[in-house]
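These figures come from a predicted structure and were not determined experimentally. In the text below, chain A, chain B and the rest are named by the order of the sequence lines, each starting its count at 1. The figures here come from the full heavy-atom set of this structure, side chains too, leaving out hydrogens, waters and symmetry mates.
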Protein chains: 2
Amino acid sequence: MKQAKISEAVVKRLPIYLRYLLHMQQMQIHTVSSQHIGKVLDLNPAQIRKDLASFGEFGKKGIGYDVDYLVEKIRHILKLDREIAVVLVGAGHLGHAISNYNAYLKDNMRIAAIFDADPAKLGTQIAGIAIQPLEELSETIATRNIRLAIITVPAPAAQKVADQLIAAGIEGILNFAPISIRTDRDVKIYNADVTSSLQSLAFYLNEKKEIT
Amino acid sequence: MKQAKISEAVVKRLPIYLRYLLHMQQMQIHTVSSQHIGKVLDLNPAQIRKDLASFGEFGKKGIGYDVDYLVEKIRHILKLDREIAVVLVGAGHLGHAISNYNAYLKDNMRIAAIFDADPAKLGTQIAGIAIQPLEELSETIATRNIRLAIITVPAPAAQKVADQLIAAGIEGILNFAPISIRTDRDVKIYNADVTSSLQSLAFYLNEKKEIT
DNA sequence: TAGATTGTTAATCGATTAACAATC
DNA sequence: TAGATTGTTAATCGATTAACAATC
């Protein structure tokens, strides 16, 4: 209700709620309780209610939440109710995969431009988008009002690319390069590299299953 | 020191520490303090010391940590000091990118098998690995002692694939499908889909920059 | 030695969960 | 109405940070 500072944990759960609610819409289910969502998503119902209540009173006591209404609210909170242009830097295998992935981004989010440092790739297209040289980065971001960025360049280039993106006014970065990107500016950065995730997973391997 | 339960937050930081320590090795730096690591990685030095101290006394008072020794210790903690075979399910664009990414996985981790439901893909190779039909999943996992899995199949297939993997004895799953995978078994699952991450990022867009 | 830095305890901060009055 | 379920406060739990004795 009071727009206190929202924790990152809450923000990361909102897309999960949204996805399930969209699923319910497809199933023609119109009302849902925190208990039901909690059961399906394996979350505590009180947590779901508290998360949602931090943005407003979206439910009805004794009834639950109206699915359509809640979808609308969460999409608004996540700013998915407007067009968001995304730039992708690094047209290698991973960048290629993500841009073809464009279908997933639907919901008003789309990759609007792709950049790569390799001159050999210039002019070629990915998913119908021409690959541009890094020199054009700032201008394209400004003129096309691009606000989020995905980095899929090799590790040694990632921080520099991020610095350029931030200087150009990008407001959020999803970084897949295997290096932690930093900034002292007010830009949200998610580091999401595959290597680190797999290494963390390895921690949980069961010693007892070792063959030795 | 006492092997109390280690929080996931700690486990996620270990690969970050490791990566920076490997970088220091390359730079021929032999000793490092928690203060230095904290400065570079933007973390609280006390947190770094506490994280490491939960596994043993790796440092020297007044001196700091020996880089080589700490690398060895973290690699052991993360179980990266042994061969870990990984299976990839879903040979689409993303799966393709990640398997070519194989270079990154080095450190004794490698993609040992690739599966796909599409009969048209069978027999073709990615990065030198033949794509196999899902029917062979269980047997391959068992005979080749595969312990971790990466899921890059479409959302509707993801949960079923996960169930099969878990039934086959997989101990950890990195899921890129845009759906939260669940299990009641003792298997670690990281959900890492691009769509959710971008949607969370959108939350932080600056209202003031809206063009309206 | 004096300065630096760890490992660890205590303090703080924040997030999750439980409980329940309000109410549909 | 009785049962269900929210929004919210209080309790609990856990993670981060500060502080400092030990010691290299």
Looking at residues 19-35 of chain A, who's got a heavy atom less than 4.0 Å off DNA chain C?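 Hits under 4.0 Å, by residue number: none.
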Atom [atom1] of [X] to atom [atom2] of [N]: distance rounded to whole Å?
X       : N      : atom1 : atom2 : result
A/Ile48 : D/dT6  : CD1   : C1'   : 13 Å
B/Lys60 : C/dT5  : NZ    : P     : 15 Å
A/Phe58 : D/dT5  : CZ    : C1'   : 17 Å
A/Ile63 : C/dA22 : CD1   : C1'   : 14 Å
A/Tyr69 : D/dT6  : OH    : P     : 15 Å
A/Leu52 : D/dT8  : CG    : P     : 12 Å

Indicate whether any N or O donor in one side chain lies under 3.5 Å from an N or O acceptor in the other, for [X] and [Y].
X        : Y        : answer
A/Tyr204 : B/Asp186 : no
A/Asp163 : A/Gln159 : yes
A/Thr140 : A/Gln132 : yes

Quick one, give me the B/S/- string for nucleotides 11-21 of chain C, reading 5' to 3', where B means a protein heavy atom under 4.0 Å from the base and S means that only happens at the primed atoms, P, OP1 or OP2. ----SBBBB--
[atom1]/[X] to [atom2]/[Y] distance, rounded to the nearest 0.5 angstrom?
X        : Y        : atom1 : atom2 : result
B/Arg19  : B/Leu21  : CZ    : CG    : 11.5 Å
B/Ile151 : B/Leu174 : CD1   : CG    : 9.0 Å
A/Ser34  : A/Arg49  : OG    : CZ    : 4.0 Å

Inspect the contact between B/Glu207 and A/Arg82 and indicate whether a charged nitrogen and a carboxylate oxygen are less than 4.0 angstrom apart. yes
I'd like to know if A/Asp42 pairs up with B/Arg182 as an ion pair, taking the criterion as any Lys NZ or Arg NE/NH1/NH2 lying under 4.0 Å from an Asp or Glu carboxylate oxygen.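 Salt bridge flag = yes for B/Arg182 with A/Asp42.
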Those residues at least two apart in sequence (or on a different chain) that pass side chain to side chain donor-acceptor pair (under 3.5 Å) with B/Tyr190 are none
Counting only Watson-Crick pairs (N1-N3 plus N6-O4 or O6-N4) and G-U wobbles (N1-O2, O6-N3), all under 3.5 Å, who is the partner of C/dT12?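 By the stated definition (distances under 3.5 Å), D/dA15 pairs with C/dT12.
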For C/dT6, what is the paired nucleotide under Watson-Crick or G-U wobble rules, both distances under 3.5 Å? D/dA21
Check the phosphate of D/dG7 against A/Tyr65, side-chain N and O only, distance under 4.0 Å to OP1 or OP2. Yes or no? yes
